[in-house]
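Okay, so here's the structure we're looking at.
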Amino acid sequence: MSLERFRYNDDIVKKFIIATIIWGIVGMLVGVIIAIQLFFRPFNFDIPWLTFGRLRPLHTNAIIFAFCLNGVFAGIYHSSQRLLKTRMYSDFLSKVHFWGWQLIIVLAAITLPLGISTSKEYAELEWPIAILITLVWVVFAFNYFMTIAVRREKVLYVSIWFYIATIISIALLHIVNHISLPVSLFKSYSAYSGVRDALVQWWYGHNAVAFVLTTPFLGMGYYYIPKLVNRPIYSYRLSILHFWSLIFIYMWAGPHHLQYTALPEWLQSLGVVFSVMLIAPSWGGGINFILTIKSAWKEMKDHPSIKFFLAAIIFYLIATLEGPILSFKDINRVAHYTDWIIAHVHGGALGWNGYLIFAMLYWLVPNIYKTTLYRKELANVHFWVSFIGILVYIVPMWIAGIYLGFARESITDGVLTYPNYMEMAKAILPYHYIRAIGGSLYLIGFIVGSYILFKTIRLAGKVPDTEAEAVPFSNIEHNKTTFGSLQKAAENLGLVMGMLSLIAVSVGGIIQILPILISHSTEERIPTLKPYSPLELEGRDIYIREGCSNCHSQMVRTFKEEVMRYGPYSKAGEFEYDFPHLWGSKQTGPDLHRLGKKYGDLWHYNHMMDPTTMTPDSTMPKYDWLAKDLLNTSYTSDKMKVMAKLGVPYSAEEIENANALLIKQAEEIQKGLVSQGVNISSQSEMIALIAYLQRLGVDGNTFEQSQKNKEESKK
């Protein structure tokens, strides 16, 4: 049988390797900076685009989409060509994918510090960039599926299954969560509000972890671990079971991020059930990897990759057990909005994702550059420094999270033990010092690893693409298959796998999201709820721009202690006009949903100018530039028009007179501040932000009071 000779496209793999290393250093450096900002205010530099609220989404996007996904692309392009025994379908499309993705990362690095953000976690990039992501992803998907179509290998190995599910699922998640209506080039509003937006966001957010940080990494594990130990995977049947059960179950677990919130109870419970079910496939796959590596136990000392792979799998097992445990309601009430969640996320990102990428790179770079790894002993230094860094990072965060969780619900003789939130925040500051040290150690280890790889690449010099030979796919089918239907099925298996994967991942989302999107019956209606005034709407956009929801939640949960501390628990109907929701996922400071009218305008002014004047222990940065910067009202009426299209009951008259209404309310606030000795322009951004903060939770409080009055009158 004649063999076809061809070359793999190694150049695209090399490009993604370099990008992975560079963006990894950038993302982790920003992570260390924001870790320091949490306990050392001057590290915000009193510069708007360097504050924690703006840098935090830059850090998460850089790690997930720049470091991890570039690493994933390197692994997919390398392993898929070998598994399919063909060059990528189009070198041109591969280059478009690479440079398009780097352009997206650069645009994110520019826009996020400038405050151009949707505020939706892991989906902060505004609509033009979101569209660009879609286009680049379509290029990648088309190139990938066409490569499958022209392959020279009959059987699709399980790694390809995981890659197919990744491509399909990320496209689905991205499109559904990013549906929005644009106001301008740099501003849009989510098509969903309140409870609906929270559900869609955490369906996306949880499954971004699943299909960006899990399935492609598992696919790479199924390819690179057998290659490294030179043995087949321990159980191929288990890998198939692992795949189908994982991609089906994962899509149902998102609501566990919203326990005790205004989300309907049945969705919260459903999230718990499927989160617990995830333990079986996750641990089944992890054990499959460990049993494969076990056969090469003696070789671990001489192969840094084996050590990194084993540690990555252990962190994967820990994270996939901890996640379901955190979904249990009794544990979730303690852990949610605390640093325990930060420990959980970083244990997975640093240990599972970071270690697996370096395990792959330490094997892949010498192989693709046809050389040996530069100084293996340095790779061991990298491992141990970063391993200590992970432990120094996550253990203090576990402790801080558990402390805060129990402290905030502590009641002594019917009174809150810690009525002032900042008492608890101050108590956990030492753990944040240690966290920053741990993050710095991991960054140092990462830099050592990057140095090893760059030296390996540099010493190897220019290396041509790898040559290979294989039997043409058509010949394989002709000689081995006698049934036309089987031949057709095999030829189209890539498409079939894609369709089956789409069905498997869509079911959970459809059953969870569709009922709440089309029905208003889950809303606890607030008859007196009013839309935000033009000034309040502008103030809310400033709140979003500054990333305030990265530190403050807007969701008083149904706990006695939270009601005692903040006021009535949050009702679903209160968020009907919130596009998007701002419930948050971390409480660095107190919850703000009942903040409206709690303090005077002067208090808010002083607090924003220098938070320590009002809250001495605050680590929040200054926002004094808001008093100087003038509010841009060019798009105020356009914003209200978009809101009206989304169902907010603004009248035509209100939209037409938006600026006049805004000025009137701003001047009222300004006059009050001037009378108290503050010299400020009514056109400043500070005035708009104060207007929004004073509105928070007011409608709900009014409704709650009216209900109490009705009950008392009946008595």
Side-chain angles (χ1 to χ4, degrees), residues 13-14 16-29 31 62-64 66-79 212-214 216-225 227-229 289 293 296 299-316 318-319 346-369 371-391 393-394 438-457:
V13 180
K14 294 170 184 176
F16 276 113
I17 288 172
I18 300 299
T20 301
I21 297 169
I22 292 172
W23 291 121
I25 293 173
V26 172
M28 289 173 196
L29 177 61
I63 294 300
I64 297 172
F67 168 58
C68 287
L69 265 185
N70 270 309
V72 163
F73 293 142
I76 288 179
Y77 274 105
H78 176 264
S79 62
V212 175
L213 304 179
T214 303
F217 284 86
L218 293 171
M220 292 190 296
Y222 276 114
Y223 177 79
Y224 289 107
I225 289 176
K227 282 287 184 183
L228 182 63
V229 300
F289 287 152
I293 292 175
E299 301 169 32
M300 184 181 298
K301 186 169 73 172
D302 298 323
H303 293 279
S305 285
I306 298 179
K307 192 178 297 181
F308 275 90
F309 264 125
L310 181 60
I313 295 160
I314 291 171
F315 279 111
Y316 173 68
I318 293 171
H346 283 78
L350 301 178
W352 162 237
N353 300 122
Y355 270 15
L356 195 143
I357 285 176
F358 263 97
M360 175 188 73
L361 293 180
Y362 278 145
W363 181 89
L364 174 56
V365 169
N367 274 270
I368 206 168
Y369 281 94
T371 185
T372 56
L373 187 68
Y374 176 78
R375 297 189 64 179
K376 287 184 179 179
E377 65 273 17
L378 273 183
N380 288 324
V381 172
H382 170 200
F383 176 83
W384 287 112
V385 170
S386 59
F387 184 77
I388 293 170
I390 294 174
L391 296 181
Y393 187 109
I394 64 176
S440 299
L441 287 173
Y442 191 90
L443 175 60
I444 292 169
F446 193 99
I447 292 172
V448 170
S450 301
Y451 172 75
I452 295 167
L453 294 174
F454 274 121
K455 287 291 288 185
T456 304
I457 293 169

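Not one N or O on the side chain of Ser79 forms a donor-acceptor pair closer than 3.5 Å with the backbone of Tyr223. Panel note: side chain Tyr355, backbone Ala349; no donor-acceptor pair is recorded below 3.5 Å.
Here the side chains of Ile21 and Asn70 are not in contact, with every heavy-atom distance at 4.5 Å or above. Contact of the Phe309 side chain with the Tyr224 side chain is registered, since non-hydrogen atoms from C-beta on lie closer than 4.5 Å. Side-chain contact check for His303 versus Val229: every heavy-atom pair is 4.5 Å or farther apart. Val13 is listed as a side-chain neighbour of Leu364, based on a closest heavy-atom distance under 4.5 Å. Using a 4.5 Å cut-off on side-chain heavy atoms (C-beta onward), Ile457 and Ile18 make contact. Considering only heavy atoms from C-beta on, Leu228 comes within 4.5 Å of Ser305 through its side chain. Looking at Thr20 and Phe73, their side chains never come closer than 4.5 Å, going by heavy atoms from C-beta outward. In this structure, the side chains of Cys68 and Phe217 come closer than 4.5 Å at one or more pairs of heavy atoms.
The distance from the CG atom of Leu29 to the CD1 atom of Ile25 is 9.0 Å, given to the nearest 0.5 Å. Interatomic distance, CD1 of Ile357 versus CD1 of Ile17, reported as 11.5 Å (0.5 Å rounding). Between the NZ atom in Lys14 and the CD1 atom in Ile368 there is a gap of 6.0 Å [rounded to 0.5 Å]. To the nearest 0.5 Å, atom NZ of residue Lys307 and atom CD1 of residue Ile293 are 13.0 Å apart. In this structure, Leu356 CG and Leu310 CG are separated by 11.5 Å, a value rounded to the nearest 0.5 Å.
Partners of His382 according to the ring pair (Phe, Tyr, Trp, His ring centres under 6.0 Å) rule, which considers only residues two or more places apart in sequence or in another chain, are Phe308, Phe358, Tyr362.
The nearest pair of heavy atoms linking Gly348 to Ala319 is CA-CB, 4.3 Å. The nearest pair of heavy atoms linking Gly347 to Ile394 is N-CG2, 3.9 Å. Nearest heavy-atom pair, Ala66 versus Trp23, reported as atom, atom and distance to 0.1 Å: CB-CB, 3.6 Å. Between Leu373 and Pro304, the shortest heavy-atom contact is CD2-CG, 4.3 Å.
For the residue pair Lys227/Asn367, the side-chain donor-acceptor check at 3.5 Å is not satisfied.
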What's the verdict on side-chain contact (heavy atoms from CB on, under 4.5 Å) for Leu213 and Val72, showing C-alpha distance, side-chain angles and the deciding distance? CA-CA 9 Å; Leu213 304 179; Val72 163; over 6 Å; no
Test Leu69 against Ile64 for side-chain contact (heavy atoms from CB on, under 4.5 Å), laying out the working first. CA-CA 6 Å; Leu69 265 185; Ile64 297 172; 5.8 Å; no
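When ring centroids are compared, Tyr316 and Phe289 stay outside the 6.0 Å threshold.
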Pair up each side-chain donor or acceptor in residues 440-455 with any protein partner under 3.5 Å, not counting sequence neighbours, and list the distances.
{"residue": "Ser440", "atom": "OG", "partner": "Ala436", "partner atom": "O", "Å": "2.8"}
{"residue": "Tyr442", "atom": "OH", "partner": "Leu350", "partner atom": "O", "Å": "2.8"}
{"residue": "Ser450", "atom": "OG", "partner": "Phe446", "partner atom": "O", "Å": "2.9"}

